[in-house]
Amino acid sequence: MQSLMLGAATGGVNGGDILFQLLAFIILMLLLRKYAWGPLMGIMKERQTFITNEIEAAEASRKEAEEHLAAQIEELKQAREEARAIIENAKKQGEAQGEAIIQASREEAERVKESALADIASEREKAVATLRKEVASLSVMIASKVIAKELDERSQEKLIQDYLQEAGEAR
Amino acid sequence: MEHEAPIHTFMGLQFNLSNVLMITVSSVIVFLIAVLATRALSMKPGGMQNFLEWVVDFVKGIINSTMDWHTGGRFLTLGLTLLMYIFVSNMLGLPFAVAFDHELWWKSPTADPTITLTLAVMVVVLSHYYGVKLKGAKAYGAEFFKPFKLFFPLKLIEEFANTLTLGLRLYGNIYAGEILLGLLVGLAHKGIFAGILGIFPLIVWQGFSVFVGAIQAFIFTMLTMVYLAHKVADDH
(Lines give C-alpha, C1' and ligand atoms only; values in the text may rest on other atoms or scores of the structure.)
Protein backbone atom coordinates (compact mmCIF):
# COMPACT_ATOMS: atom_id res chain seq x y z
CA MET A 1 0.00 0.00 0.00
CA GLN A 2 2.77 2.37 0.88
CA SER A 3 4.52 2.00 -2.46
CA LEU A 4 1.19 2.33 -4.26
CA MET A 5 0.07 5.49 -2.53
CA LEU A 6 3.43 7.23 -2.91
CA GLY A 7 2.79 10.70 -1.47
CA ALA A 8 0.22 9.61 1.04
CA ALA A 9 2.98 7.38 2.34
CA THR A 10 0.79 5.47 4.76
CA GLY A 11 -1.78 2.79 4.76
CA GLY A 12 -5.39 3.83 4.84
CA VAL A 13 -6.99 7.06 3.78
CA ASN A 14 -6.32 10.32 5.53
CA GLY A 15 -9.92 11.18 6.19
CA GLY A 16 -8.84 14.14 8.26
CA ASP A 17 -6.85 15.62 5.39
CA ILE A 18 -9.82 15.30 3.07
CA LEU A 19 -12.13 17.01 5.51
CA PHE A 20 -9.60 19.67 6.34
CA GLN A 21 -8.87 20.41 2.68
CA LEU A 22 -12.57 20.66 1.85
CA LEU A 23 -13.28 22.91 4.81
CA ALA A 24 -10.24 25.06 4.16
CA PHE A 25 -11.10 25.51 0.51
CA ILE A 26 -14.75 26.32 1.16
CA ILE A 27 -13.85 28.76 3.93
CA LEU A 28 -11.19 30.34 1.72
CA MET A 29 -13.67 30.70 -1.14
CA LEU A 30 -16.33 32.26 1.08
CA LEU A 31 -13.86 34.65 2.70
CA LEU A 32 -12.41 35.69 -0.65
CA ARG A 33 -15.88 36.18 -2.09
CA LYS A 34 -16.71 38.50 0.76
CA TYR A 35 -13.43 40.38 1.15
CA ALA A 36 -11.70 40.23 -2.24
CA TRP A 37 -13.63 39.11 -5.29
CA GLY A 38 -16.82 40.88 -4.34
CA PRO A 39 -15.30 44.36 -4.00
CA LEU A 40 -12.97 43.76 -6.94
CA MET A 41 -15.76 42.73 -9.27
CA GLY A 42 -17.85 45.57 -7.92
CA ILE A 43 -15.25 48.12 -8.94
CA MET A 44 -14.71 46.39 -12.28
CA LYS A 45 -18.41 46.57 -12.97
CA GLU A 46 -18.46 50.18 -11.81
CA ARG A 47 -15.64 51.01 -14.19
CA GLN A 48 -17.42 49.22 -16.98
CA THR A 49 -20.58 51.25 -16.49
CA PHE A 50 -18.50 54.39 -16.11
CA ILE A 51 -16.74 53.75 -19.42
CA THR A 52 -20.03 52.89 -21.08
CA ASN A 53 -21.51 56.14 -19.82
CA GLU A 54 -18.47 58.09 -20.94
CA ILE A 55 -18.64 56.60 -24.41
CA GLU A 56 -22.33 57.34 -24.61
CA ALA A 57 -21.77 60.91 -23.45
CA ALA A 58 -18.99 61.36 -25.99
CA GLU A 59 -21.23 59.96 -28.70
CA ALA A 60 -24.03 62.32 -27.69
CA SER A 61 -21.81 65.38 -27.62
CA ARG A 62 -20.31 64.45 -30.98
CA LYS A 63 -23.80 64.19 -32.43
CA GLU A 64 -24.70 67.52 -30.89
CA ALA A 65 -21.58 69.14 -32.31
CA GLU A 66 -22.40 67.75 -35.72
CA GLU A 67 -25.89 69.17 -35.48
CA HIS A 68 -24.51 72.53 -34.45
CA LEU A 69 -22.08 72.47 -37.34
CA ALA A 70 -24.86 71.71 -39.80
CA ALA A 71 -26.95 74.53 -38.35
CA GLN A 72 -24.01 76.92 -38.57
CA ILE A 73 -23.41 76.02 -42.20
CA GLU A 74 -27.09 76.50 -42.96
CA GLU A 75 -27.08 79.86 -41.19
CA LEU A 76 -23.95 80.99 -43.00
CA LYS A 77 -25.50 80.08 -46.32
CA GLN A 78 -28.63 82.01 -45.42
CA ALA A 79 -26.64 85.05 -44.32
CA ARG A 80 -24.67 85.01 -47.57
CA GLU A 81 -27.87 84.87 -49.58
CA GLU A 82 -29.34 87.69 -47.57
CA ALA A 83 -26.27 89.82 -48.12
CA ARG A 84 -26.43 89.18 -51.84
CA ALA A 85 -30.12 90.18 -51.87
CA ILE A 86 -29.36 93.36 -49.96
CA ILE A 87 -26.60 94.32 -52.39
CA GLU A 88 -28.83 93.57 -55.33
CA ASN A 89 -31.60 95.69 -53.84
CA ALA A 90 -29.28 98.58 -53.15
CA LYS A 91 -27.97 98.47 -56.68
CA LYS A 92 -31.46 98.47 -58.12
CA GLN A 93 -32.56 101.27 -55.83
CA GLY A 94 -29.53 103.35 -56.71
CA GLU A 95 -30.16 102.92 -60.38
CA ALA A 96 -33.80 103.91 -59.98
CA GLN A 97 -32.87 106.94 -57.91
CA GLY A 98 -30.32 108.07 -60.50
CA GLU A 99 -32.89 107.66 -63.20
CA ALA A 100 -35.38 109.72 -61.20
CA ILE A 101 -32.86 112.50 -60.57
CA ILE A 102 -31.97 112.70 -64.24
CA GLN A 103 -35.64 112.76 -65.13
CA ALA A 104 -36.34 115.52 -62.62
CA SER A 105 -33.47 117.68 -63.81
CA ARG A 106 -34.51 117.19 -67.38
CA GLU A 107 -38.04 118.34 -66.53
CA GLU A 108 -36.67 121.28 -64.56
CA ALA A 109 -34.54 122.34 -67.51
CA GLU A 110 -37.53 122.04 -69.79
CA ARG A 111 -39.58 124.16 -67.42
CA VAL A 112 -36.88 126.85 -67.14
CA LYS A 113 -36.51 126.95 -70.89
CA GLU A 114 -40.29 127.29 -71.36
CA SER A 115 -40.59 130.08 -68.85
CA ALA A 116 -37.64 131.87 -70.48
CA LEU A 117 -39.33 131.60 -73.84
CA ALA A 118 -42.59 132.93 -72.38
CA ASP A 119 -40.73 135.86 -70.81
CA ILE A 120 -39.07 136.66 -74.07
CA ALA A 121 -42.41 136.55 -75.89
CA SER A 122 -44.13 138.81 -73.37
CA GLU A 123 -41.24 141.31 -73.45
CA ARG A 124 -41.44 141.44 -77.20
CA GLU A 125 -45.21 141.93 -77.01
CA LYS A 126 -44.68 144.78 -74.58
CA ALA A 127 -42.01 146.36 -76.77
CA VAL A 128 -44.25 146.10 -79.81
CA ALA A 129 -47.10 147.65 -77.88
CA THR A 130 -44.93 150.54 -76.71
CA LEU A 131 -43.62 151.10 -80.23
CA ARG A 132 -47.13 151.08 -81.60
CA LYS A 133 -48.21 153.64 -79.03
CA GLU A 134 -45.19 155.80 -79.86
CA VAL A 135 -45.89 155.63 -83.59
CA ALA A 136 -49.51 156.57 -83.02
CA SER A 137 -48.70 159.60 -80.97
CA LEU A 138 -46.02 160.59 -83.45
CA SER A 139 -48.48 160.32 -86.32
CA VAL A 140 -51.04 162.38 -84.41
CA MET A 141 -48.41 165.00 -83.76
CA ILE A 142 -47.41 165.06 -87.43
CA ALA A 143 -51.03 165.18 -88.46
CA SER A 144 -51.74 168.02 -86.12
CA LYS A 145 -48.74 169.92 -87.46
CA VAL A 146 -49.88 169.25 -91.00
CA ILE A 147 -53.34 170.46 -90.20
CA ALA A 148 -51.95 173.54 -88.51
CA LYS A 149 -49.97 174.42 -91.69
CA GLU A 150 -53.10 174.32 -93.75
CA LEU A 151 -54.20 177.53 -92.00
CA ASP A 152 -51.95 179.85 -93.98
CA GLU A 153 -48.89 179.79 -96.03
CA ARG A 154 -46.82 181.74 -93.77
CA SER A 155 -47.75 180.31 -90.60
CA GLN A 156 -47.57 176.95 -92.19
CA GLU A 157 -44.06 177.57 -93.34
CA LYS A 158 -43.22 178.78 -89.98
CA LEU A 159 -44.87 175.85 -88.39
CA ILE A 160 -42.88 173.45 -90.51
CA GLN A 161 -39.79 175.38 -89.74
CA ASP A 162 -40.60 175.31 -86.09
CA TYR A 163 -41.48 171.74 -86.22
CA LEU A 164 -38.36 170.77 -88.03
CA GLN A 165 -36.36 172.84 -85.64
CA GLU A 166 -38.19 171.27 -82.80
CA ALA A 167 -37.62 167.90 -84.28
CA GLY A 168 -34.02 168.71 -84.86
CA GLU A 169 -33.59 169.92 -81.38
CA ALA A 170 -35.37 167.01 -80.05
CA ARG A 171 -33.14 164.84 -82.01
CA MET B 1 16.26 10.91 1.83
CA GLU B 2 13.07 9.01 2.65
CA HIS B 3 10.82 11.05 4.87
CA GLU B 4 7.93 9.90 6.94
CA ALA B 5 4.68 11.82 7.06
CA PRO B 6 3.68 13.19 10.47
CA ILE B 7 0.44 11.32 10.85
CA HIS B 8 -1.70 11.63 13.93
CA THR B 9 -5.09 10.24 14.68
CA PHE B 10 -7.67 12.57 16.10
CA MET B 11 -11.33 11.72 16.69
CA GLY B 12 -10.96 8.55 14.65
CA LEU B 13 -9.66 10.47 11.60
CA GLN B 14 -6.11 10.31 10.34
CA PHE B 15 -4.52 13.70 10.00
CA ASN B 16 -1.32 14.25 8.06
CA LEU B 17 -0.26 17.31 10.02
CA SER B 18 2.10 18.39 7.27
CA ASN B 19 -0.87 18.62 4.90
CA VAL B 20 -2.89 20.47 7.51
CA LEU B 21 -0.06 22.94 7.97
CA MET B 22 0.52 23.49 4.26
CA ILE B 23 -3.18 23.78 3.42
CA THR B 24 -3.44 26.45 6.09
CA VAL B 25 -0.33 28.23 4.84
CA SER B 26 -1.55 28.18 1.22
CA SER B 27 -4.99 29.43 2.19
CA VAL B 28 -3.57 32.21 4.31
CA ILE B 29 -1.18 33.31 1.55
CA VAL B 30 -3.92 33.33 -1.07
CA PHE B 31 -6.21 35.21 1.29
CA LEU B 32 -3.53 37.77 2.13
CA ILE B 33 -2.62 38.32 -1.54
CA ALA B 34 -6.22 38.76 -2.58
CA VAL B 35 -7.26 40.91 0.36
CA LEU B 36 -4.16 43.14 0.38
CA ALA B 37 -4.53 43.66 -3.36
CA THR B 38 -8.13 44.78 -2.96
CA ARG B 39 -7.71 47.05 0.07
CA ALA B 40 -7.32 50.28 -1.87
CA LEU B 41 -9.65 49.78 -4.79
CA SER B 42 -9.82 52.62 -7.26
CA MET B 43 -11.31 53.30 -10.65
CA LYS B 44 -7.79 53.74 -12.01
CA PRO B 45 -6.15 50.52 -10.90
CA GLY B 46 -2.47 50.26 -10.17
CA GLY B 47 -0.04 47.64 -8.91
CA MET B 48 -1.68 44.67 -7.24
CA GLN B 49 -5.22 45.64 -8.17
CA ASN B 50 -4.15 45.63 -11.80
CA PHE B 51 -2.65 42.17 -11.39
CA LEU B 52 -5.74 40.79 -9.69
CA GLU B 53 -8.01 42.31 -12.33
CA TRP B 54 -5.88 40.58 -14.92
CA VAL B 55 -6.41 37.30 -13.06
CA VAL B 56 -10.16 37.93 -12.98
CA ASP B 57 -10.18 38.62 -16.71
CA PHE B 58 -8.07 35.51 -17.28
CA VAL B 59 -10.55 33.29 -15.43
CA LYS B 60 -13.41 35.04 -17.21
CA GLY B 61 -11.71 34.11 -20.46
CA ILE B 62 -11.47 30.47 -19.36
CA ILE B 63 -15.16 30.40 -18.44
CA ASN B 64 -16.22 32.18 -21.62
CA SER B 65 -14.29 29.69 -23.73
CA THR B 66 -16.28 26.78 -22.28
CA MET B 67 -19.80 28.14 -21.71
CA ASP B 68 -21.79 31.30 -22.11
CA TRP B 69 -21.48 33.92 -19.41
CA HIS B 70 -25.10 33.68 -18.35
CA THR B 71 -24.56 30.24 -16.84
CA GLY B 72 -20.79 30.51 -16.30
CA GLY B 73 -20.78 33.76 -14.33
CA ARG B 74 -21.59 32.00 -11.06
CA PHE B 75 -18.41 29.89 -11.30
CA LEU B 76 -16.08 32.89 -11.43
CA THR B 77 -15.42 32.86 -7.68
CA LEU B 78 -14.76 29.12 -7.75
CA GLY B 79 -12.40 29.40 -10.71
CA LEU B 80 -10.49 32.33 -9.20
CA THR B 81 -10.05 30.62 -5.86
CA LEU B 82 -9.04 27.31 -7.47
CA LEU B 83 -6.51 28.95 -9.76
CA MET B 84 -4.84 31.00 -7.05
CA TYR B 85 -4.97 28.28 -4.38
CA ILE B 86 -3.46 25.62 -6.62
CA PHE B 87 -0.83 27.98 -8.01
CA VAL B 88 0.28 29.08 -4.56
CA SER B 89 0.23 25.46 -3.36
CA ASN B 90 2.42 24.37 -6.27
CA MET B 91 4.91 27.16 -5.60
CA LEU B 92 5.23 26.44 -1.88
CA GLY B 93 7.25 23.25 -2.34
CA LEU B 94 9.76 24.80 -4.71
CA PRO B 95 12.15 26.90 -2.64
CA PHE B 96 12.76 24.35 0.12
CA ALA B 97 11.45 21.33 1.90
CA VAL B 98 11.57 21.22 5.64
CA ALA B 99 12.06 17.89 7.36
CA PHE B 100 11.96 17.66 11.11
CA ASP B 101 12.86 14.48 12.95
CA HIS B 102 12.67 12.57 9.64
CA GLU B 103 9.15 13.81 9.10
CA LEU B 104 8.50 15.99 6.04
CA TRP B 105 6.67 19.10 7.13
CA TRP B 106 7.09 21.72 4.43
CA LYS B 107 6.07 20.69 0.91
CA SER B 108 3.44 21.48 -1.67
CA PRO B 109 0.03 20.36 -0.39
CA THR B 110 -0.73 19.46 -4.01
CA ALA B 111 2.11 16.90 -3.93
CA ASP B 112 -0.27 14.65 -2.01
CA PRO B 113 -2.92 12.66 -3.95
CA THR B 114 -5.34 12.92 -1.03
CA ILE B 115 -5.46 16.68 -1.44
CA THR B 116 -5.65 16.80 -5.23
CA LEU B 117 -8.27 14.05 -5.36
CA THR B 118 -10.29 15.90 -2.73
CA LEU B 119 -10.30 18.97 -4.93
CA ALA B 120 -11.11 16.86 -8.00
CA VAL B 121 -14.02 15.11 -6.28
CA MET B 122 -15.28 18.43 -5.03
CA VAL B 123 -15.27 19.80 -8.59
CA VAL B 124 -17.02 16.74 -10.04
CA VAL B 125 -19.63 16.71 -7.29
CA LEU B 126 -20.21 20.40 -7.89
CA SER B 127 -20.65 19.71 -11.60
CA HIS B 128 -23.33 17.10 -10.85
CA TYR B 129 -24.99 19.42 -8.35
CA TYR B 130 -25.18 22.28 -10.83
CA GLY B 131 -26.22 19.85 -13.57
CA VAL B 132 -29.29 18.90 -11.58
CA LYS B 133 -29.91 22.43 -10.35
CA LEU B 134 -29.70 24.23 -13.68
CA LYS B 135 -31.13 21.64 -16.06
CA GLY B 136 -33.48 19.69 -13.82
CA ALA B 137 -33.12 16.08 -12.75
CA LYS B 138 -34.74 14.72 -15.91
CA ALA B 139 -32.51 16.49 -18.39
CA TYR B 140 -29.52 15.74 -16.18
CA GLY B 141 -30.32 12.02 -16.17
CA ALA B 142 -30.97 12.01 -19.90
CA GLU B 143 -27.41 13.23 -20.49
CA PHE B 144 -26.17 9.78 -19.44
CA PHE B 145 -28.02 8.06 -22.29
CA LYS B 146 -26.82 10.28 -25.12
CA PRO B 147 -26.23 9.83 -27.96
CA PHE B 148 -27.89 6.44 -27.37
CA LYS B 149 -28.54 4.09 -24.45
CA LEU B 150 -25.51 1.88 -24.99
CA PHE B 151 -23.31 4.76 -23.91
CA PHE B 152 -24.52 4.61 -20.32
CA PRO B 153 -21.65 2.47 -18.94
CA LEU B 154 -19.12 4.58 -20.80
CA LYS B 155 -20.61 7.76 -19.39
CA LEU B 156 -20.53 6.29 -15.93
CA ILE B 157 -16.88 5.33 -16.29
CA GLU B 158 -16.14 8.76 -17.71
CA GLU B 159 -17.22 10.43 -14.49
CA PHE B 160 -14.76 8.39 -12.42
CA ALA B 161 -12.03 8.72 -15.04
CA ASN B 162 -12.51 12.48 -15.07
CA THR B 163 -12.17 12.65 -11.31
CA LEU B 164 -9.09 10.45 -11.22
CA THR B 165 -7.26 12.17 -14.09
CA LEU B 166 -8.08 15.63 -12.79
CA GLY B 167 -6.66 14.88 -9.36
CA LEU B 168 -3.78 12.62 -10.31
CA ARG B 169 -2.51 14.85 -13.13
CA LEU B 170 -1.95 17.69 -10.70
CA TYR B 171 -0.53 15.42 -8.02
CA GLY B 172 1.81 13.63 -10.43
CA ASN B 173 3.27 16.78 -11.91
CA ILE B 174 3.93 18.45 -8.60
CA TYR B 175 5.10 15.33 -6.77
CA ALA B 176 7.50 14.39 -9.58
CA GLY B 177 8.86 17.92 -9.55
CA GLU B 178 9.54 17.75 -5.83
CA ILE B 179 11.12 14.29 -6.06
CA LEU B 180 13.54 15.49 -8.72
CA LEU B 181 14.32 18.62 -6.71
CA GLY B 182 15.01 16.40 -3.69
CA LEU B 183 17.32 14.16 -5.72
CA LEU B 184 19.26 17.13 -7.10
CA VAL B 185 19.64 18.61 -3.63
CA GLY B 186 20.66 15.15 -2.41
CA LEU B 187 23.67 15.31 -4.73
CA ALA B 188 25.26 17.61 -2.18
CA HIS B 189 25.43 14.68 0.23
CA LYS B 190 27.55 12.74 -2.26
CA GLY B 191 30.40 15.23 -2.15
CA ILE B 192 31.21 18.87 -2.79
CA PHE B 193 32.00 18.31 -6.47
CA ALA B 194 28.69 16.60 -7.19
CA GLY B 195 26.90 19.30 -5.18
CA ILE B 196 28.37 22.12 -7.27
CA LEU B 197 27.63 20.21 -10.46
CA GLY B 198 24.09 19.62 -9.28
CA ILE B 199 23.33 23.32 -8.77
CA PHE B 200 22.89 24.01 -12.46
CA PRO B 201 20.22 21.38 -13.21
CA LEU B 202 18.64 22.35 -9.88
CA ILE B 203 18.20 25.95 -11.01
CA VAL B 204 16.90 24.84 -14.40
CA TRP B 205 14.47 22.39 -12.81
CA GLN B 206 13.21 24.96 -10.32
CA GLY B 207 12.50 27.36 -13.17
CA PHE B 208 10.74 24.62 -15.06
CA SER B 209 8.75 23.70 -11.94
CA VAL B 210 7.47 27.27 -11.67
CA PHE B 211 6.29 26.90 -15.26
CA VAL B 212 4.74 23.47 -14.57
CA GLY B 213 3.06 24.74 -11.41
CA ALA B 214 1.46 27.64 -13.29
CA ILE B 215 0.40 25.42 -16.18
CA GLN B 216 -1.09 22.80 -13.85
CA ALA B 217 -3.06 25.46 -11.96
CA PHE B 218 -4.37 26.70 -15.30
CA ILE B 219 -5.20 23.19 -16.54
CA PHE B 220 -7.02 22.29 -13.32
CA THR B 221 -9.15 25.45 -13.53
CA MET B 222 -9.73 24.99 -17.25
CA LEU B 223 -10.84 21.34 -16.84
CA THR B 224 -13.04 22.31 -13.91
CA MET B 225 -14.86 24.73 -16.19
CA VAL B 226 -15.00 22.16 -19.00
CA TYR B 227 -16.60 19.56 -16.71
CA LEU B 228 -19.02 22.13 -15.32
CA ALA B 229 -19.91 23.29 -18.82
CA HIS B 230 -20.42 19.68 -19.84
CA LYS B 231 -23.05 19.28 -17.15
CA VAL B 232 -24.82 22.64 -17.27
CA ALA B 233 -24.76 23.55 -20.97
CA ASP B 234 -27.90 22.87 -22.96
CA ASP B 235 -26.43 21.95 -26.32
CA HIS B 236 -24.15 19.03 -27.01
A:Met41 and B:Leu80: CA distance, side-chain angles, deciding distance, side-chain contact (heavy atoms from CB on, under 4.5 Å) verdict: CA-CA 12 Å; A:Met41 281 165 209; B:Leu80 275 170; 3.5 Å; yes
Residue B:Ile179 versus chain A: region with a heavy atom under 4.5 Å: neither
Contact class of B:Phe31 relative to chain A, heavy atoms under 4.5 angstrom: both
Steps toward side-chain contact (heavy atoms from CB on, under 4.5 Å) verdict (A:Trp37, B:Thr38): CA-CA 8 Å; A:Trp37 308 143; B:Thr38 52; 5.8 Å; no
Under 4.5 Å from any heavy atom of chain A - which part of B:Val56: side chain
Top contributor to chain A interface from B:Ala37, B:Ala34, B:Pro109 [non-hydrogen pairs under 4.5 Å]: B:Ala34
Chain B contact via A:Leu19 - which portion, at a heavy-atom distance below 4.5 Å: side chain
Student check: side-chain heavy atoms of A:Leu32 and B:Met84 closer than 4.5 Å: no
Options B:Thr118, B:Leu76, B:Leu17, ranked by heavy-atom pairs under 4.5 Å with chain A, top entry: B:Thr118
A:Ile43 vs B:Glu53, side-chain contact (heavy atoms from CB on, under 4.5 Å): CA-CA, chis, key distance, verdict: CA-CA 10 Å; A:Ile43 199 129; B:Glu53 286 191 9; 4.0 Å; yes
Choice from B:Leu36, B:Asp57, B:Leu52 maximising heavy atom contacts with chain A below 4.5 Å: B:Leu52
Residues, nucleotides or ligands: over 12 heavy atoms within 6.0 Å of A:Tyr35 OH: no
Option in B:Val121, B:Thr24, B:Val35, B:Leu119 with maximal non-hydrogen atom pairs under 4.5 Å from chain A: B:Leu119
Qualifying residue, where the test is side chain to side chain contact (heavy atoms under 4.5 Å, CB included) with A:Ile18 and the options are B:Ile115, B:Asn19, B:Thr114: B:Thr114
